Amino acid sequence: MRRLHTLLLLTLFTGVLLAQNYNSIDPDGNIRPASNRQHADSTKGEKEIPIGLKVWTVDERFGDITPTEPDTMAFMYMNTIFTSGLHGEYNTTGNLGAPRQNRIFTDRDESNEFIFANPLDHFITSPGLFHFTNTYSPITNLSLNSCGNRTNGEDHFKALFAINAGKRLGMGLKFDYLYGRGYYSDNSSSHFNYSIYGSYLGDRYQAHFLFSTNHQKQAENGGITNDNYITHPESFNDDYQEAEIPTMLSDNWNRNDNLHVFFTHRYSVGFNRKVPMTEEEIKARKFAMESRKESNARNAKEEARREAEKDGGTFDEEEYDRQLKMAANIPNADSEATPEDTTWTKNEYVPVTSFIHTARLDKFTRIYQSYYTPADYYGDTYNTWSRFSGDSIYDRTEHYELRNTFAVALLEGFNKYAKAGLKAFVTHSFMHFTLPDSTTRSRSYNENDFFVGGQLSKTAGETLHYNVTGEVEVAGRRIGDVNIDGEADLNFRLWGDTIQLAANGFFHLNDPTFYHEHYHSKHFWWDNDDLDKITHTKIQGTFSLQRTGTHLRVAVDNLSNYTYFGTSYDVENSGDNYFRLRNKAGVRQCSENISVLTATLGQQLRFGIVNLDAELTYQKSSKDDIIPVPAFNAYANLFLRFKIAHVLDCDLGADVRYFTKYHAPDYVPGIGQYAIQETPSSRVDIGNIAVANVYANFFLKHTRFFVMLSHVNHSGEGGNYFLTPHYPINERLFRFGLSWNFFN
């Protein structure tokens with residue numbers, strides 16, 4: 001009944017929207033030309049209000065601006081709510097906001113220094129991915145998706161507000177709250193984010209600022225005690241509901257609190273030149289001129305009224321308007337002699353050399369807390385300081401890093417001979433870590449690292465682009481670390497289609513992270529001072545056809561001294577349950593070379609209103625006991641695209657995701673990491689099962705909303721419904737989501 005009321009409200013809400021005349025965006029996320037009209041005076045008609053929204057990201061090292069699309073796309077909006085990813089490519093522990101790991105190895109990000117944030121990075125937006133805004137009118141976005149009830153449901157609410165103070169200074173704030181209560185016991189997620197940002201885009205001086213704070217709380221249940229509750233429910237006498245299935249742990253939590261401050265600014269020297277204004281800028285200029293004209297007319301009328309009343313007379317407003325109208329119709333000699341100027345230009349400052357400073361502060365705190373631990377659950381216990389006694393756990397570690405980069409850039413495009421941009425930079429990083437110790441409450445570690453490097457890039461034009469960046473550590477504990485990253489793309493027309501050939505890759509020679517080398521807790525402890533540097537080389541090529549929607553990607557990753565986590569445990573049977581006891585986990589390093597081949601073929605097909613989007617990925621690891629990957633990952637989305645009443649865009653369809661069986665990494669709650677299953681007798685497979693959703697996705701002017709039945713193919717007869725060993729995914733659920741943009 002609650003869902004029926006929701007649908008009725010959505011229907012009513014849609015009807016109301018049909019009657020509105022708001023500014024809007026199209027289904028591809030582009031701002032439509034201004035359609036709002038402001039009625040300042042019913043006798044003067046309507047005045048058009050210009051609308052414009054520019055969105056960009058900034059480079060984390062140099063603060064370079066890259067235009068991007070606003071987060072307003074209607075297509076695939078229904079899949080943005082899943083922790084498992086847009087195409088279901090992530091393994092997760094099942095709940096909204098849960099820890100996750102990409103099954104496509106080449107798409108995994110290299111580990112951050114604070115490794116405990118990696119499985120939860122879907123909620124943390126790095127400065128390089130954050131969307132800065134510039135808007136002619138204030139914009140607010142409110143988004144909500146939900147399923148279930150107050151006991152087991154999932155809710156995700158986001159709010160974004162953006163405004164400009166003049167054309168150069170933009171600012172905004174973002175609020176993000178995610179609460180997944182969990183359909184299985186002790187598996188809830190609660191994440192909170194608050195961010196404020198600002199940007200100043202002057203001719204000579206530019207600056208970007210971002211402040212973000214996150215609180216992430218993840219309940220840990222250790223997985224269910226018997227996979228047969230999911231795979232073979234008929235083997236039990238009782239019919240277990242999801243929340244009734246026994247789990248290994250209760251009253252256990254991983255808590256991550258992090259704070260991020262990012263500031264980048266630059267001063268440029270160069271010259272001015274005239275360039276044409278954009279259509280949006282012309283509308284804004286005309287709007288400002290019309291507003292000034294109306295303001296001047298109102299002021300003149302008020303002055304005439306005061307003069308008439310001061311002389312004791314009366315002010316005839318109709319006669320004043322009539323004479324003003326007659327005067328406006330008298331030809332002006334100057335205006336007739338000079339034809340109207342239809343060329344709208346503006347001064348553009350062309351920077352030649354920039355002096356750049358970027359500062360970044362990241363602060364993390366991680367707590368693993370438990371009020372109850374089953375007997376013999378952990379294989380090792382260490383003598384470490386704890387605020388709790390007995391089987392309670394309070395493992396705490398802190399880390400912060402302050403990084404400063406100073407750069408000088410010779411920019412491309414200031415004359416016809418400057419075909420590329422060149423930068424040189426120096427970076428200093430100070431890192432601090434604290435860990436529990438056996439004799440004191442905490443032990444501190446400090447690192448100072450100095451890097452030098454450069455970049456050669458070409459971003460202008462439509463045919464060829466490239467970017468090569470290299471850096472080397474010249475002083476510090478990790479002296480000798482080298483990072484070289486490059487990318488290039490070539491675009492050309494052939495047979496009426498736009499073809500893109502792109503290549504990217506890198507060579508990274510780095511020490512393992514601090515937490516791979518050192519970690520102290522009540523049940524996990526290591527000091528690995530003898531780990532070698534990791535070598536990771538990647539080469540990737542992509543072939544794309546724009547009109548036919550075809551893309552082919554081939555990537556090869558080669559690694560030596562690959563560093564990872566391994567885990568083992570013993571299994572003991574007790575009645576219907578199989579308890580995983582004497583759990584151990586630690587850092588491993590493989591000195592042998594490991595290669596991973598990845599090939600992805602994607603295709604978009606259109607036949608009238610019938611649409612099919614499909615993607616198939618093949619992977620092969622040379623050592624699948626260390627880097628296990630499924631041989632095939634597949635995603636397909638079949639939908640009908642049509643309009644209702646000529647205004648409501650609708651995608652009505654079904655999608656499915658699938659991957660083949662493999663020994664997927666297990667999840668270790670005590671360290672919050674995915675780890676390789678190392679005990680052959682207890683190793684389990686997941687995969688070889690499809691998960692399908694049916695949905696209706698709608699777009700109306702500035703509003704997106706959807707209704708969905710997720711995991712529609714679930715049945716009570718069982719199946720291998722796991723994305724992580726022993727962590728089942730949710731059964732069939734009704735979901736809905738709404739995202740509404742307010743302009744002005």
Side-chain angles (χ1 to χ4, degrees), residues 54-68 125-134 167-171 195-212 260-273 348-362 401-415 417-431 448-460 465-476 481-487 506:
K54 296 180 181 179
V55 177
W56 65 90
T57 59
V58 298
D59 182 85
E60 294 185 17
R61 180 182 282 119
F62 304 117
D64 292 335
I65 293 175
T66 302
T68 187
T125 303
S126 66
L129 297 177
F130 192 88
H131 285 186
F132 291 86
T133 59
N134 187 293
K167 65 179 182 179
R168 300 186 185 277
L169 180 61
M171 61 195 74
S195 301
I196 58 175
Y197 67 92
S199 63
Y200 179 81
L201 301 180
D203 290 336
R204 292 171 174 81
Y205 182 75
Q206 295 184 356
H208 291 84
F209 171 80
L210 172 64
F211 172 87
S212 179
H260 311 275
V261 181
F262 174 79
F263 178 64
T264 180
H265 59 144
R266 64 171 62 196
Y267 183 81
S268 302
V269 294
F271 59 90
N272 286 290
R273 66 183 176 188
E348 180 184 69
Y349 186 75
V350 182
V352 176
T353 304
S354 292
F355 302 93
I356 304 165
H357 170 232
T358 298
R360 177 172 176 175
L361 172 66
D362 297 299
E401 178 183 10
L402 177 61
R403 178 178 288 259
N404 281 277
T405 297
F406 299 89
V408 177
L410 302 177
L411 306 178
E412 66 173 303
F414 64 88
N415 65 45
Y417 301 106
K419 300 300 184 182
L422 181 64
K423 298 184 181 77
F425 66 91
V426 57
T427 298
H428 170 253
S429 170
F430 173 75
M431 292 190 288
N448 279 282
D449 301 294
F450 292 87
F451 302 85
V452 296
Q455 181 187 79
L456 181 68
S457 63
K458 181 182 182 301
T459 59
H465 312 98
Y466 56 82
N467 184 332
V468 180
T469 305
E471 68 172 3
V472 59
E473 181 164 348
V474 295
D481 279 12
V482 177
N483 293 287
I484 302 174
D485 297 80
E487 60 183 3
F506 58 73

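Remember, it's a predicted structure, so these values are computed and weren't measured experimentally. All residue numbers in this chain count up from 1 along the given sequence. Heavy-atom basis, side chains included; hydrogens, waters and symmetry copies ignored.
For the pair Thr66 and Asp59, the minimum side-chain heavy-atom distance is 4.5 Å or more. For the pair Leu129/Thr57, no side-chain contact is recorded, criterion being any heavy-atom separation below 4.5 Å from C-beta on. Between Val482 and Ile484, some side-chain heavy-atom pair lies under the 4.5 Å cut-off. Residues Arg168 and Asp203 have side chains in contact (heavy-atom distance under 4.5 Å, counting atoms from C-beta outward). Using a 4.5 Å cut-off on side-chain heavy atoms (C-beta onward), Asn448 and Phe430 make contact. Looking only at side-chain heavy atoms (C-beta outward), Leu422 and Gln455 stay at 4.5 Å or farther from each other.
Once rounded to the nearest 0.5 Å, the distance linking NE2 of His131 with OH of Tyr197 reads 10.5 Å. Annotation: the span from Asn134 atom CG to Trp56 atom CH2 amounts to 5.0 Å, rounded to 0.5 Å. Here CZ of Phe450 is found 10.5 Å from OG1 of Thr427. Values are rounded to the nearest 0.5 Å. Taking CD of Glu473 as the start and OG of Ser429 as the end, the distance is 8.5 Å to the nearest 0.5 Å. Here CG of Asn404 is found 8.0 Å from NE2 of His428. Values are rounded to the nearest 0.5 Å. With values rounded to the nearest 0.5 angstrom, Ile196 atom CD1 is found 10.5 Å from Met171 atom CE.
With hydrogens and angles disregarded, no donor-acceptor distance shorter than 3.5 Å links the side chain of Lys167 to the backbone of Leu169.
With sequence neighbours left out, the side-chain contact (heavy atoms from CB on, under 4.5 Å) criterion links His465 to Asp489, Asn491.
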What side-chain donor-acceptor pairs closer than 3.5 Å can you find for residues 262-271, not counting sequence neighbours?
residue, atom, partner, partner atom, Å
Thr264, OG1, Thr358, OG1, 2.8
His265, ND1, Tyr205, OH, 3.0
His265, NE2, His357, ND1, 3.1
Arg266, NH2, Phe62, O, 3.0
Arg266, NH2, Asp64, OD1, 2.5
Ser268, OG, Ser354, OG, 2.6

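Here the closest non-hydrogen pair linking Ser199 and His208 is CB-CD2, 3.5 Å. For Lys423 against Ser457, the heavy-atom pair with the smallest separation is NZ-OG, 4.3 Å. The two residues Pro67 and Ile65 have their closest heavy-atom pair at CD-O, 4.0 Å. When every heavy atom of Pro127 is checked against every heavy atom of Leu210, the shortest pair comes out as CA-CD2, 4.0 Å. Across all their heavy atoms, Gly128 and Glu60 have their closest contact at N-OE2, 2.9 Å. Phe425 approaches Ala407 most closely through the heavy-atom pair CB-CB, 3.7 Å.
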Apply the test side chain to side chain contact (heavy atoms under 4.5 Å, CB included) to residues Leu456 and Tyr466: give CA-CA distance (whole Å), side-chain angles for both, the deciding distance (0.1 Å), then the verdict. CA-CA 8 Å; Leu456 181 68; Tyr466 56 82; 4.1 Å; yes
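Residues Phe132 and Phe130 place their aromatic rings such that the two centres sit under 6.0 Å apart.
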